[in-house]
There are 2 protein chains.
Amino acid sequence: MRITIKDVAKLAKVSPSTVSRVLTDHPKISTDTKERVWKAMKELDYHPNVTARKLATNATRTLGLVLPNDVKLLAENPFFIQVLTGITTYARQKDYYIILTNAGTEEDEIKTLNHLFRSNLIDGVIMTVVREEDKCAQFLKENNHPFVVIGKPEETDDMIWVDNDNFQAMYEVVNYIIRQGNTRIAFIGGSEALTVTKNRLSGYKMAITNRGLHVESELIKEVKFTEEEGYKATMELIKETTFDAIATTDDLIAIGALKAIRDTGKKDILVTGFNNTPIATYQNPPLTTVEINADKLGYYAAKLIISKLQQEESSLNSYIVDTKLIQHNE
Amino acid sequence: MRITIKDVAKLAKVSPSTVSRVLTDHPKISTDTKERVWKAMKELDYHPNVTARKLATNATRTLGLVLPNDVKLLAENPFFIQVLTGITTYARQKDYYIILTNAGTEEDEIKTLNHLFRSNLIDGVIMTVVREEDKCAQFLKENNHPFVVIGKPEETDDMIWVDNDNFQAMYEVVNYIIRQGNTRIAFIGGSEALTVTKNRLSGYKMAITNRGLHVESELIKEVKFTEEEGYKATMELIKETTFDAIATTDDLIAIGALKAIRDTGKKDILVTGFNNTPIATYQNPPLTTVEINADKLGYYAAKLIISKLQQEESSLNSYIVDTKLIQHNE
DNA sequence: AATGGTTATGCAAACGGTTGCAGAATGAAT
DNA sequence: ATTCATTCTGCAACCGTTTGCATAACCATT
């Protein structure tokens, strides 16, 4: 038989209400009874039934998390598991729980989220993948479901979000490249429709300009986040123009670029990536890249949404996670 | 105001009990009322309150999952996120939920699991990391908490587990190596205390013997699952003996081996890994490795524990997930 | 018409907590 | 001794389901 609040009450010779109040550290309970109840709880090794509490308080203290279905994407990108780690770490500190599920299409995700909210399973949700004009985000907004997104959205009005300072990060990368003595620096980035790419491109341009160099459109390529695309873009660059460094927005793209450079027998072209993935670390020589601290992104995402749910006064709407240039050259 | 079972009952002109019975497809409800109730549910867009149901049925339909705290380990090893994907995929099919949390030490994990079970948050747990003489597993067993482990345990009596056939997988690897014309084949594996290493080593030995070759202890090394250890072990091998191939039990070890081979200017030494990590794919040339289908491991782990919890007759106690040799040589 | 056997549904008590409100107990003030 | 304010605790209703038991309604049988 499970130990319930009644058992504790009986042993401590108080009513269940009192035990409940002791649990929540209600101010009007005398130290005396508090101690009696604590003793009883310890003696019985009492664990409150969280489900019953959820029902009574109509708060689940649970956050939802929907991962994409694509195993390959998840496996290649440590980003997700790192975000996840950050989230669970903070949630645990605050006695919040995480329900994990997955979804394929955007509609699927909406259906899943709808179910989670409407069935009283979660109080809020953390979105790790935000598309342009994201239907999920729109759905959540329309239904007044609290959520936080990882990655600064286009429209930030009453949105809660965390992100790196992508402008600043790329600015530093390009500055580093220039300090290494390079002057013609190419840029290969993901879709320019994505805010993240936009910001990184701006950082690139600003660094170039500030150092008295010129932004040249023939040095700028837009591709998908894959090795192949990085390879192709680099091949085009090699054919079309000359350059002594490439700044990319993703390690996978960078790997492709490195391969193209090897295959064409080029030398001394500095390539930089983004995200500090293991793939980068184990390149030979290792790639210069940017640590985006994905676990911190998760950590602060959880923090923001939880303080919102707790209606804390101090609760912020956004947070910038620092980045770090990782120079693997010896 | 939320739509409850009472609202549905009122609209369908039945009692809440009847609605509840319709929900669970109780056989004694007439098709007539069933349809009336369904219509009412649809009209009100009713979603049952899962929390209330959990309380009433004393079953949470939720599985716990505890990840290690070590971000680096998680990021380098796509294994975890793949397992996770498999789990959520199956769980979703069966309307089960996954609660995710993390823990550092073994004691921490026990504490966490204890809390999850005692607080009525989960019905069962999936263990992804099983140590030798695992205290967690012992704790779960002693307290009669249902669990499944990924990785065949030493003692399999009334344990539920899934695993690859590690013997067979390594047997095939070594056969492949031999078919490529190699005869002196080294083995670098993780701790021999781990069942997984034992089984892979047996597979190695069997393949060697079956092909009429000899097992030589100077060709066998035991290390940790890191690149450095793989590097060191290979350096030792190079110093101490000769060989034309190395079978390792992990891609990271293999990467280290490759590096040692490069650094010493050796040629034509075939190195194989295990786990088919992205790091392997993006090696140059790509590593020959073994796909262990970690997502299937998760999928079947979820399947086994769920059928156990549902007390299905057909429920198995173990499942072997197939592996596949990935030859990246062109 | 009375009886009996089904079948379909409702009643009410649970599940294990929380919480507004009432009121007992205490001490201070008149 | 009475009144009042204050502090602490208990009563009972409630959260939204499920489910054992009772029973109404129906049909078939005698």
Side-chain angles (χ1 to χ4, degrees), chain A residues 1-38 40-41 44-62 95 97 115-123, chain B residues 1-38 40-41 44-62 95 97 115-123:
Chain A
M1 214 49 232
R2 245 173 182 128
I3 305 294
T4 75
I5 205 169
K6 285 175 198 162
D7 302 316
V8 178
K10 204 168 288 173
L11 183 60
K13 294 202 196 333
V14 293
S15 76
S17 346
T18 302
V19 177
S20 172
R21 289 195 178 97
V22 172
L23 277 174
T24 50
D25 210 23
H26 190 106
K28 293 208 172 172
I29 300 289
S30 69
T31 338
D32 209 54
T33 52
K34 262 188 194 169
E35 259 155 27
R36 243 187 20 259
V37 172
W38 279 331
M41 294 198 302
L44 297 173
D45 190 21
Y46 167 67
H47 290 246
N49 184 322
V50 172
T51 304
R53 176 179 292 168
K54 283 180 184 174
L55 183 60
T57 57
N58 196 30
T60 65
R61 288 187 86 87
T62 304
D95 276 316
Y97 304 101
H115 171 246
L116 289 175
F117 274 110
R118 298 291 306 277
S119 305
N120 257 268
L121 278 160
I122 58 174
D123 296 336
Chain B
M1 214 51 234
R2 244 170 184 131
I3 307 294
T4 74
I5 206 169
K6 285 175 197 161
D7 302 316
V8 178
K10 205 168 285 172
L11 183 61
K13 296 202 196 336
V14 293
S15 76
S17 344
T18 303
V19 177
S20 171
R21 290 194 178 98
V22 171
L23 239 29
T24 51
D25 210 25
H26 190 106
K28 292 206 171 171
I29 301 290
S30 70
T31 339
D32 209 53
T33 52
K34 261 186 196 171
E35 260 155 27
R36 243 185 23 258
V37 172
W38 278 330
M41 294 199 300
L44 297 173
D45 190 22
Y46 168 67
H47 290 246
N49 183 322
V50 173
T51 305
R53 176 178 294 166
K54 283 180 185 175
L55 183 60
T57 58
N58 195 30
T60 64
R61 288 188 87 88
T62 304
D95 276 317
Y97 305 101
H115 172 245
L116 289 174
F117 274 109
R118 298 289 307 277
S119 304
N120 258 267
L121 279 161
I122 58 175
D123 295 338

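Here is how names work: the chains are called A, B, and so on, in the same order as the sequence lines, proteins then strands, and each is numbered from 1. No experiment lies behind these values; they were computed from the predicted model shown.
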Distance check needed: [N] [atom2] versus [X] [atom1], whole Å only.
X	N	atom1	atom2	result
B:R53	D:dC15	CZ	C1'	16 Å
A:L55	C:dG16	CG	P	12 Å
A:K6	C:dT18	NZ	P	13 Å
B:L44	D:dG16	CG	P	15 Å
A:N58	C:dG17	CG	C1'	13 Å
B:R2	D:dG16	CZ	P	9 Å
A:K10	D:dG10	NZ	P	14 Å
B:I5	C:dC11	CD1	P	14 Å

Heavy-atom side-chain proximity of [X] to [Y] below 4.5 angstrom:
X	Y	answer
B:L23	B:Y46	yes
A:V19	A:V14	yes
A:V8	A:V37	yes
B:R2	B:D7	no

The side chain of [X] is closest to which nucleotide in this list: [options]?
X	options	result
B:I29	C:dT9, C:dT18, C:dC15	C:dT9
B:Y46	C:dC15, C:dT18, D:dT17	D:dT17
B:S30	C:dG16, C:dT9, D:dT19	C:dT9
A:N49	D:dT9, D:dT17, C:dG17	C:dG17

*Please round to the nearest 0.5 Å and tell me the distance separating atom CG of B:N120 and atom CZ of A:R53.*
12.0 Å

*Under the 3.5 angstrom rule, does the side chain of B:R61 hit a backbone N or O of B:V50 as a donor-acceptor pair?*
no

_By nearest heavy atom, map B:A52 and B:K28 onto DNA chain C; which one lands nearer the 5' end?_
B:K28

*Name the nucleic acid region contacted by A:T33, choosing base, sugar-phosphate or nothing; use a 4.0 angstrom heavy-atom cut-off, strictly under.*
sugar-phosphate

*Stretch residues 11-27 of chain A: residues that reach within less than 4.0 Å of DNA chain C through a heavy atom*: A:S17, A:S20, A:R21

_Any pair counted as salt bridge (charged side-chain N to carboxylate O under 4.0 Å, His left out), so long as it reaches residues 15-27 of chain B, sequence neighbours left out_ = B:D25-B:K34

